[in-house]
K.L.:
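Supplied in structure tokens, the structure appears directly below.
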Amino acid sequence: MKYFNDLRSYIAGLDALGDIMHVHWEVDGDLEPGAITRRSYEIQAPAPLFENIAGTAPGFRILGAPAALSSRADMPYARVAMSLGLAPTLTGPEIVTALADTRNVPYQKPLLVDPAGAPCRQHVLLGDEATLDKFPIPFAHDQDGGRYANTWGTLIVKTPDGRWINWSIARVMKVDGKRMVGLMVPSQHIGQIWTEWVALGKPMPYALVQGPAPAISCISGMPLPAEVDEADYIGALAGAPVELVKALTVDLEVPATAEIVIEGHVSIERDCMEGPYGEYGGYLGAGSSAQPTFHVEAITHRDDPIWPLVVAGRPTDESHTVWAIGIAADALSHLRDAGLPVTTVWAPEAAAVHWFLAVAPRDWRERLPGVTSEEFAQRVGEVLFKTDAMLFVPQIYLVDDDIDPTSLTDVVWALATRVHPTGRRAVFEDQRIVRLPQCYTEDEYVARRGPKVVFDTLQPQARPLHSSFEQAYPPALKRRVLDNWPE
Ligand code: MN
């Protein structure tokens, strides 16, 4: 399949599928792009490409919903799959498997190329010219604490000793043309690296990259283990090294085909207020907190740059597609490594990254001799709840493979009929939590500790047949019924 080396070729690929809505009429630069993008998620419309934004220079554009569900009902994961260089018709679980399998492909170090001629270096803004005010940065939601300057860009940071270069997506709010403020969670990779700079007493160099190759955005939005460079994994996924150029003013390398690169340093104090922001759980934010300042020192960009916009909220947006798929792939890798028999891990979009289903094959008892289903559920929790990615996930369901985990009808039916009101669950008390999942108490958020659970919904070895057309009738009769069915 085609690997898209920049955002523009990817947009052309979506356009060819009818999955781009060209917003050629003028929109305001405040709330309208957010409102259109949000509605686009909720009706599963083509991704809006805003070509005429009040208050910004002609040619500057915004792409909304870059990796949400596709408007093509026959290929709902087309945006995610194509972003990753996979076939647009892949199912969600097929993407999870492809991502988990890539963990075992030799990683490829990125390739440093000459910045002369690199698209990301077509325009260079320094000093007072390097201001965010030149770019279309709308409000995502009307209750947010500010305009969010990062909703889908890749934050590039490096440990002071240079051993680990992390690419991630985290929300960053615009303060003014020269300053941003970013949510710094200590347990996330960017927070771990920031903590090393704080210990040295030196501001942390960063690059914020808007609109690189879409695989870079997606993998930045997914968990990989600590001390792994996302660039190396993307090289394995793409089958070719990622091309980077030296940043202009900081000791970092940035993707050569990026639309916009913002460079500077992050303060080592939590010296600025961040938030609120309407998050992926589906509720408008409340409250703000002190977080470090991202100082803007240089900006480079392509001709007619495209700024990507994600508007988190009720399903389904990139949190529930890309991020959840990445957590599922990470979980599948960990369960495989632990030798536990699981065919896939899947997070139904509607559960807003709060529920993950681990699917057990029919023969799991042969593969785990002497293990009860309760013990199996216990082992799944022991493996997963200590991973960084599962920090965000309160509930796992261990389910049989007689249901399709991507079908909400199957999932609701199975959970309704197989979860005992009080029994058969492995509860893990006093786990690490963060304030992002919606289901905890204020005391638990303050303590950063709370319970997690694996529900054991596995059926007995002799599974009951479904009372369904598929399972309740002999094959010959089913064929006859289908053959005689009027068109
Ligand atoms: Mn990482």
Side-chain angles (χ1 to χ4, degrees), residues 67 80 83-84 96 98-110 150-172 182-198 204-210 212-238 241-242 244 247 250-255 258 266 280 292 294 310 318-319 321-334 337 345 353 384-393 432 434 436:
V80 182
S83 291
L84 297 168
V96 169
L99 288 168
D101 290 350
T102 301
R103 296 266 179 113
N104 302 316
V105 171
Y107 288 5
Q108 297 204 32
K109 284 279 164 204
N150 198 38
T151 58
W152 191 239
T154 292
L155 285 161
I156 299 180
V157 300
K158 180 162 71 170
T159 54
D161 63 8
R163 72 179 190 283
W164 173 23
I165 300 168
N166 197 64
W167 290 6
S168 65
I169 296 178
R171 73 188 207 207
V172 181
L183 187 66
M184 197 64 75
V185 180
S187 50
Q188 288 188 301
H189 294 166
I190 187 172
Q192 293 171 21
I193 292 174
W194 181 70
T195 303
E196 293 191 22
W197 287 94
V198 170
M204 174 173 72
Y206 78 91
L208 171 55
V209 180
Q210 301 290 356
I216 294 176
S217 306
C218 286
I219 299 305
S220 300
M222 293 178 174
L224 286 176
E227 308 276 340
V228 170
D229 291 7
E230 280 75 13
D232 304 358
Y233 175 89
I234 295 165
L237 187 71
V242 179
L244 304 179
V250 288
D251 178 26
L252 292 169
E253 287 89 44
V254 298
V266 182
Y280 67 87
F294 288 60
V310 162
E318 284 75 1
S319 322
T321 56
V322 168
W323 188 40
I325 281 175
I327 296 174
D330 186 70
L332 180 59
S333 298
H334 284 288
D337 291 348
V345 178
V353 204
L384 293 186
F385 288 142
K386 61 171 183 276
T387 67
D388 287 340
M390 280 285 154
L391 180 66
F392 300 91
V393 179
R432 294 183 302 154
V434 287
L436 287 163

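Hydrogens, waters and symmetry mates play no part in the numbers below; they use all other heavy atoms, side chains included. Atoms within a ligand are numbered from 1 in the order they appear, just like the ligands themselves.
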K.L.:
Considering only residues two or more places apart or on different chains, which pairs with a residue in residues 99-108 satisfy salt bridge (Lys or Arg N to Asp or Glu O under 4.0 Å)?
P.N.:
Asp101-Arg336, Arg103-Asp330
K.L.:
Do any protein N, O or S atoms sit under 2.8 Å from the Mn ion (ligand 1), and which ones are they?
P.N.:
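Sorted hits: Asn166 OD1, His189 ND1, Glu230 OE2.
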K.L.:
Taking the six-membered ring for Trp and the single ring otherwise, decide whether the centroids of His189 and Trp164 are under 6.0 Å apart.
P.N.:
yes
K.L.:
Restricting to ring-ring contact (aromatic ring centres under 6.0 Å, His included), what partner residues turn up for Trp323, sequence neighbours left out?
P.N.:
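Partners of Trp323 by the ring-ring contact (aromatic ring centres under 6.0 Å, His included) criterion, ordered by chain and then number, come out as Tyr280, Phe392.
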K.L.:
Apply salt bridge (Lys or Arg N to Asp or Glu O under 4.0 Å) to Arg171 and list each qualifying residue two or more places apart in sequence or on a separate chain.
P.N.:
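Arg171: salt bridge (Lys or Arg N to Asp or Glu O under 4.0 Å) contacts with Glu274, Glu279.
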K.L.:
Yes or no on side chain to side chain contact (heavy atoms under 4.5 Å, CB included) for Trp167 and Leu155, after CA distance, side-chain angles and deciding distance?
P.N.:
CA-CA 6 Å; Trp167 290 6; Leu155 285 161; over 6 Å; no
K.L.:
Please check if any side-chain donor atom of Asn166 sits under 3.5 Å from a side-chain acceptor atom of Gln192, or the reverse.
P.N.:
no
